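Here the structure is laid out as structure tokens; the discussion comes afterwards.
Remember, it's 1-based here, ligands and their atoms both numbered in the order they're listed. Since the model is a prediction, treat every value here as computed from it, not as a measurement.
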Amino acid sequence: MWREESAERSLSLLVALLSICEWVCEDVKSAWSGGSAKTSHPLKVSTMDTFQLLILLLVSCTAASAHPHHPLSPCQVVQMDVFCSDLSLRNAPLNLPPDVQLLDLSRNQVQNLTLETLAYRTGYRHLSLHSNKIHFIQPGLFKDMTDLKVLNLSRNHLNVFALSKINIGPLTAVESLDLSNNGLYTGMSDYFLADSPSLANLSLNSNSITKIANSTFSGSFSLRKISLHNNVILEIEDGAFDSLHHLRELDLSKNSITCIIDFNLHNLEVLNLSKNSIEQFRSADLTKTYKLRSLDLSENKMPHFPLLPVESELEYLNVSRNQIQSVNNTENPDQQPNLECLRYLDLSYNQLSSISEEFFHCIHSLEVLNLSNNCISSFSFTNPKMLCNLRIINLSYNSLRSLTFRKNTLQSLEELFLQGNYLTTLDHQIFQRLPSIRYLELEQNSLKICAPEQNHPQPSPTNQSLKDSLDCVSFYSVKNLHYLNLSENSLRSVPANAFVNTPLKLLDLSLNPGLEMDKDSLSGLEHSLSHLLLRNNNISSLKTDLSTLRCLKHVDLSTNQLTTLPMWNKDASVESLNLQNNNLVTLDYSTILPLEHSLKTLYLGSNPLSCCSSLSFFHMVQHLSVVTPDIETVTCDHGDYSEPVNIAKVTPEMCQESDFPSHPITVFVILLVVLIVVGLLVKCCPLRKRKRNRSFSA
Ligand SMILES: *[C@@H]1O[C@H](CO)[C@@H](O)[C@H](O)[C@H]1NC(C)=O
Ligand SMILES: *[C@@H]1O[C@H](CO)[C@@H](O)[C@H](O)[C@H]1NC(C)=O
Ligand SMILES: *[C@@H]1O[C@H](CO)[C@@H](O)[C@H](O)[C@H]1NC(C)=O
Ligand SMILES: *[C@@H]1O[C@H](CO)[C@@H](O)[C@H](O)[C@H]1NC(C)=O
Ligand SMILES: *[C@@H]1O[C@H](CO)[C@@H](O)[C@H](O)[C@H]1NC(C)=O
Ligand SMILES: *[C@@H]1O[C@H](CO)[C@@H](O)[C@H](O)[C@H]1NC(C)=O
Ligand SMILES: *[C@@H]1O[C@H](CO)[C@@H](O)[C@H](O)[C@H]1NC(C)=O
């Protein structure tokens, strides 16, 4: 052992000498090359000496450069923090700055954690030793480290240490301890936690703990937050957390807990039980006040809504991905929890077939409600006093056929997700009555868009017959609507002026094959629309004039039957244009010219382009700084080639040759010119001869 150490020390000394050499060498080298500029060099020796010294230095320099990472200073030092990760170290370097506070030795080869590993310092505040091979810790190592607040030992082999049944000794000042990923199983954490009076934050994530015993946390009574994510906890002994008066957050996600029947941690604020096998969650005393603010019970097996205390401060409740069929309290239907503070409720991916308005009676503060992926067929809101703060409702992927929002309800609603339902009709002014609605997803339904004449005669309540006769939804004058997705609705037409007075920025009408667009379908959107999607609509010619849409930046016309490009004018600001998979043969250069300053991205693949008729278009595209991300698939047909040619390979020369025989008119014109020239020659030649003859005779 000693020999090894002294060998290491002498090696260090040698390396230190070499590094001095290196430094001097640098200076000499620069003096050598810098010439007169460096005449005031400190090494004032005779030329002979200099020469000898140089040779010596050069030799040592070569030696030094062969070891660029000398072990004394491989780490980065930033003020009082030293970073030595990923250096295959077994110990910290000995020459650490005296007042080092943070030492990062993560991702090295530390096996035996002793005072030597830490360069004999005890003044650390923060030690990071994760991802090493630590299997032994010198007992009592942290006793004198009275400033050490944060200790990260995750990703080591501390299970091996625990097998030796030795305590690491007091963690005098440690407030945050990470023991995650150490292969620890039940009882092993005791050797680390037995004497940790200051510990507030503990992670035991990703170990193999199966049981939380009464004694597990008895030496760490200051704990505020415990993370036990990703263990195999099956059992929690009664009273295991009782001594922890400061405990506020408990993460038990991804374990094997099957039920919580007497939840009694009145001071706990955050509880995560996601990804267990919980079938029942029940508070011990429904009448007592709990401080719980956040409860995550997602991905469990609960057939019922959890039994929550009547008075609670719960703000966040996630019961997504369970088997809940009803939100009613099955034990005592009259005792509904008073979820007065609840702001976020996720009930998605359950088996709810309905949810009554009464359920929301006491949830005044709710802002986000996710009911998606259930089997709700009808949803109605009639009471204007309920859910006044609701901003987002996600009702996507249910079996909704009917949806009703009465006048003055949901006045704060900004985002409504209704995609993937069976909606064919809606009260046609439904969206006009939601003054804050900004974002509307209606894709994958069977809705129709009302024409403006259906918008104007406001059906009075007495005029019931007119109201019933409307089987369309109006998007006229929805004052704050910016985003509208109507893709996959089997839409047949978009009537003229359908969106007047609605400040849409994005409109998706894709996947409505056979869609008829009126010339004025998009009028009213001139100063707002920036994204227009008309993919997969089987459109052969676009009747709508896009050139008036001055804000339009992104246009997707892919997968249609277009044979011509839409016309634009100088005011256009289109930045990306998708024309993939259409019927374009000839691309007229002049149609794209107005976009020369704005266009940045163009998709053109899968079109039956003809090489020579669009030559100037290709040329322009290559010269403008337009990116064609699908350039690999942009090919054109050329008579001389059996295979389609990539447009990047088309040259003007290829077209000159092939133009000649291929165009009958050109051939005709050329023939005509030749004939005329020949005719003129025939006429002129005898005249010249005569002239010459004349001059001879003269
Ligand atoms: C760890 O180091 C200490 C002190 O250098 C030594 O006494 C102990 O045997 C070592 N333990 C292991 C397991 O290598
Ligand atoms: C608790 O420790 C974990 C893991 O070391 C860390 O990510 C988290 O920020 C700490 N939290 C507090 C409040 O100190
Ligand atoms: C609960 O834990 C799961 C799994 O670790 C995590 O995805 C989820 O975000 C956590 N819930 C909360 C509310 O933080
Ligand atoms: C439920 O919807 C909310 C808001 O739209 C969202 O934040 C959340 O991720 C959704 N839940 C799931 C499980 O996707
Ligand atoms: C709506 O809920 C579904 C599933 O619960 C989720 O995938 C989707 O992201 C949610 N929508 C939003 C905008 O949060
Ligand atoms: C509209 O909805 C469809 C289907 O869910 C989706 O693929 C598309 O990306 C959405 N449009 C936009 C612009 O997000
Ligand atoms: C697409 O339009 C063509 C005529 O332009 C028609 O023959 C074809 O049936 C249409 N396809 C679909 C899916 O509507």
_Pairing of Lys225 and Asp251 as salt bridge, 4.0 angstrom limit_ = no
*Stepwise, does the side chain to side chain donor-acceptor pair (under 3.5 Å) test hold for Glu279 with Thr258?*
CA-CA 6 Å; Glu279 288 172 14; Thr258 53; over 6 Å; no
*Could you walk me through whether Ser180 and Asn205 pass side chain to side chain donor-acceptor pair (under 3.5 Å), step by step?*
CA-CA 5 Å; Ser180 58; Asn205 292 347; 5.7 Å; no
*Heavy-atom contacts with Tyr344 under 4.0 Å: which atoms of ligand 4 show up? List them by number with element.*
3 (C), 6 (C), 7 (O), 8 (C)
*Enumerate the atoms of ligand 3 whose separation from the nearest heavy atom of Ser253 is less than 4.0 angstrom.*
2 (O), 4 (C), 5 (O)
*For ligand 4, is there an N or O atom under 3.5 Å from any N or O atom of Asn370?*
yes
*Any N/O pair Asp346/ligand 4 closer than 3.5 Å*: yes
*For Ser320, which of Ser372, Ser298, Ser348 qualifies under side-chain hydrogen bond (donor to acceptor under 3.5 Å, both in side chains)?*
Ser348
_Atoms of ligand 3, numbered as shown, that sit under 4.0 Å from any heavy atom of Tyr316_ = 13 (C)
*Quick one: which ligand 4 atoms are inside 4.0 Å of a heavy atom on Val368?*
4 (C)
*For Leu577, which of Asp556, Leu604, Ile592 qualifies under side chain to side chain contact (heavy atoms under 4.5 Å, CB included)?*
Ile592
*Hey, is ligand 3 close enough to Ser294 that some N/O pair sits below 3.5 Å?*
no
*Residues Lys519 and Asp545 bridged, charged N to O under 4.0 Å*: no
*Which is it for Lys254 and ligand 3 at heavy atoms under 4.0 Å: side chain, backbone, both or neither?*
neither
*Given Asn583, which of Leu562, Thr563, Asn560 fulfils the side chain to side chain contact (heavy atoms under 4.5 Å, CB included) condition?*
Thr563
Provide, line by line, the atom pairs where ligand 7 and the protein bring an N/O atom each to a distance under 3.5 Å; else say none.
residue  : atom   : partner : partner atom : Å
ligand 7 : 2 (O)  : Asn538  : OD1          : 3.3
ligand 7 : 2 (O)  : Asn538  : ND2          : 2.4
ligand 7 : 11 (N) : Asn538  : ND2          : 2.6
ligand 7 : 14 (O) : Asn538  : ND2          : 3.0

_Salt bridge present between Arg391 and Glu415 (N-O < 4.0 angstrom)_ = no
*Would Glu313 and Lys291 pass as an ion pair if we require N to O under 4.0 Å?*
no
_Proximal ligand 4 atoms for Ser348, defined as those under 4.0 Å from one of its heavy atoms_ = 11 (N), 12 (C), 13 (C)
*Looking only at distances, please establish whether an N/O atom of ligand 3 is found under 3.5 Å from an N/O atom of Lys275.*
no
*Give the C-alpha distance, both sets of side-chain angles, the deciding distance and a yes or no for side chain to side chain contact (heavy atoms under 4.5 Å, CB included) between Asn207 and Asn181.*
CA-CA 5 Å; Asn207 281 294; Asn181 286 282; 5.8 Å; no
*Give a yes or no on whether the ring-centroid distance for Phe305 and Phe359 is below 6.0 angstrom.*
yes
*Heavy-atom pair with the smallest gap, counting every atom of Pro435 and Gln411*: CG-OE1, 3.3 Å
*Could you tell me which atoms of ligand 4, counted from 1 in the order shown, lie closer than 4.0 angstrom to a heavy atom of Ser320?*
13 (C)
*Against heavy atoms of Asn394, which atoms of ligand 4 measure under 4.0 Å?*
2 (O), 5 (O)
